Amino acid sequence: MSLSNHPKAYGSAAVAVAFTTGILLTLGFKDLYPDLENRFQQGQRRARREQTTTTTDSDLARRRSSFFWGPVQLEDNEASRKSRSAAALSGPLPPSAGVVEGIEGCIGNTPLVEIKSLSDATGRTILAKAEFLNGAGNSPKDRVALSMIQAAEEAGLLVPGRGDTIYEGTVGSTGISIAALARAKGYKAHICMPDDQAVEKSDLLHHLGATVERVRPAPITSPDHFVNLARRRAREHTESKDTASRGFFADQFESQANFQAHFKTTGPEIYFQTGGQVDAFVAGAGTGGTLSGVARYLKDEAKLADLKVVLADPQGSGLYNKVRHGVMYSSTEKEGTRRRQQVDTIVEGVGINRITENFEAGRDLIDDAVKVTDEQACKMARWLVEQDGIFAGSSTAVNCVAAVTAAMTLPKGSQVVTIICDSGTRHLSKFWKKVGEMGLEDEGKHDDLFQLLNIKH
């Protein structure tokens with residue numbers, strides 16, 4: 001007798017077979033299921049660690065249902081989470097793995113690095129924007145130079161292929177960035193700089209094809225001050241009847257394109273990289289563009305109302321007293337004590353005795369200032385090499401001393417952001433020579449940062 005002639009018997013047999021098969025499948029997957037569940041839970045923990053995104057209940061239900069009602073497969077929602085995060089935040093995306101166009105594509109989106117030795121010493125997290133990794137001139141001035149050139153092109157002041165020359169007065173880094181970008185964009189560069197700056201800077205400018213005028217330091221009121229000389233050279237070029245090309249004075253100290261570069265890029269990047277968890281931002285001021293641009297973005301645009309903005313100022317600069325007491329004054333301005341026409345410090349790149357337009361753009365947002373001596377800067381520079389393998393220049397050392405000092409005014413666990421400006425390779429003949437002369441390279445490894453820097457805490 002065949003089952004086909006007895007439907008009830010056929011149905012009963014089919015149910016029995018299905019039941020048996022279900023039992024066998026359950027036994028077969030009993031060892032696999034915990035592994036799948038563990039992998040699922042690990043994915044959930046990763047999602048919770050994302051500071052800027054959360055997994056919704058519907059996402060969770062949909063993923064769990066796939067185990068029971070659909071094909072057994074694990075989804076990697078990392079890409080979708082990042083996509084939602086990017087859409088939710090205003091600001092630049094992290095650098096892509098794709099191709100960028102030209103050297104200017106290597107500017108910006110620098111890493112935010114924890115300086116572990118400073119975090120360990122202070123009990124606060126000290127982060128530093130690695131601006132020396134900008135790809136043109138290897139400093140934060142890459143952002144500024146690109147911004148100023150683009151603004152000049154939009155205004156018709158620079159035209160590629162016309163033979164135009166960019167003129168600038170600088171102590172080095174801005175000139176290096178301009179020289180690199182000028183070549184890439186079809187211009188020439190003419191840099192005026194004080195003759196007391198590290199010689200490797202002017203050597204690098206020569207190798208980048210720039211014309212370099214090293215001049216004696218002079219007060220800003222003098223027509224021979226390096227900034228005023230650059231302005232005059234640009235005007236003479238434009239007025240010359242011998243060429244159809246033009247001279248463009250970049251004017252980094254007063255150009256709004258300076259602080260705007262940091263308002264549009266550096267500030268948003270810091271906000272994105274920290275998820276908005278910034279308790280203090282600490283930076284020095286030469287032109288003042290970095291401090292003003294980042295502060296203006298984080299306080300005004302990102303609405304970080306509790307953020308402390310702290311100026312890091314080297315000895316001989318008047319900005320510390322301007323912030324603390326409202327008066328532009330340095331003790332080295334006393335009659336009979338002035339040793340030279342520039343700021344009396346071995347530090348290059350930060351410190352000034354006048355208010356620039358870029359500093360003024362964010363001065364109302366600065367909450368405090370820290371004065372850093374040359375001795376502290378040299379000792380910090382050596383500490384960073386010994387403890388963290390960071391070989392940085394003098395302005396970075398000033399930033400880090402001030403970051404440590406500022407951190408100790410904040411509760412434990414606070415997060416402080418500062419700037420690694422450039423490599424120590426640009427400071428060998430002056431700043432790092434002084435470090436060697438102080439015997440710091442011959443001493444053993446230091447253990448107490450506060451004792452080394454003579455900072456009370």
Side-chain angles (χ1 to χ4, degrees), residues 91-113 129-155 157-168 170-191 193 200-212 230 245-252 255 257-269 273 287 289-290 293 349 391-393 395-396 419-426:
L93 291 171
S96 71
V99 177
V100 297
E101 183 177 350
I103 195 66
E104 64 191 76
C106 301
I107 297 173
N109 286 312
T110 55
L112 191 62
V113 181
K129 201 84 166 81
E131 288 293 278
F132 68 99
L133 295 178
N134 281 304
N138 311 122
S139 80
K141 298 302 185 180
D142 277 5
R143 301 176 189 262
V144 174
L146 181 60
S147 179
M148 292 190 298
I149 291 172
Q150 288 174 337
E153 290 176 333
E154 292 172 4
L157 301 176
L158 285 173
V159 178
R162 189 171 63 182
D164 294 349
T165 299
I166 304 171
Y167 293 82
E168 183 59 298
T170 170
V171 297
S173 290
T174 304
I176 292 167
S177 296
I178 286 175
L181 287 168
R183 284 296 178 181
K185 296 176 74 65
Y187 307 114
K188 298 176 183 176
H190 186 118
I191 306 301
M193 64 186 301
E200 46 266 32
K201 293 183 180 180
S202 57
D203 288 345
L204 179 55
L205 284 164
H206 281 299
H207 288 304
L208 287 169
T211 299
V212 182
S245 63
R246 300 185 62 175
F248 168 68
F249 174 51
D251 199 13
Q252 61 165 327
S255 171
N258 182 340
F259 96 88
Q260 284 289 343
H262 296 290
F263 176 82
K264 293 176 180 178
T265 65
T266 318
E269 287 172 28
Q273 289 167 320
T287 65
T290 303
F391 185 58
S395 54
T396 299
I419 305 288
I420 300 177
C421 302
D422 60 4
S423 167
T425 56
R426 291 185 185 172

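Numbering of residues begins at 1 and proceeds along the displayed sequence. Computed from a predicted structure; not experimentally measured.
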| said: Rounded at 0.5 Å granularity, tell me how far CG in Leu158 sits from OG in Ser245. | reply: 11.0 Å
| task | Considering non-hydrogen atoms only, spot the tightest contact between Asn258 and Gly289 and give its length. | result |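 Shortest heavy-atom separation between Asn258 and Gly289 comes out as OD1-CA, 3.3 Å.
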| Gly247 to Tyr167 - nearest heavy-atom pair and separation |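 Smallest heavy-atom distance, with atoms named: CA-CE1, 3.7 Å.
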Is there a side-chain contact between [X] and [Y], using heavy atoms and a 4.5 Å cut-off?
{"X": "Thr170", "Y": "Lys141", "result": "no"}
{"X": "Leu204", "Y": "Glu200", "result": "no"}
{"X": "Glu131", "Y": "Asp142", "result": "no"}
{"X": "Tyr187", "Y": "Ile149", "result": "yes"}

Measure from the side-chain N and O atoms of [X] to the backbone N and O of [Y], and report whether any donor-acceptor pair falls under 3.5 Å.
{"X": "Lys129", "Y": "Thr110", "result": "yes"}
{"X": "Asn134", "Y": "Gly108", "result": "yes"}
{"X": "Ser147", "Y": "Arg143", "result": "no"}
{"X": "Glu168", "Y": "Gly175", "result": "no"}
{"X": "Asp164", "Y": "Val159", "result": "yes"}

| query | Between Gln252 and Thr287, is any side-chain donor less than 3.5 angstrom from a side-chain acceptor? | reply |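 There is no such pair between these side chains.
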| task | Determine, step by step, whether Met148 and Ile166 satisfy the side-chain contact (heavy atoms from CB on, under 4.5 Å) criterion, reporting the C-alpha distance in whole Å, the side-chain angles of both residues, the deciding distance to 0.1 Å, and the verdict. | result | CA-CA 10 Å; Met148 292 190 298; Ile166 304 171; over 6 Å; no
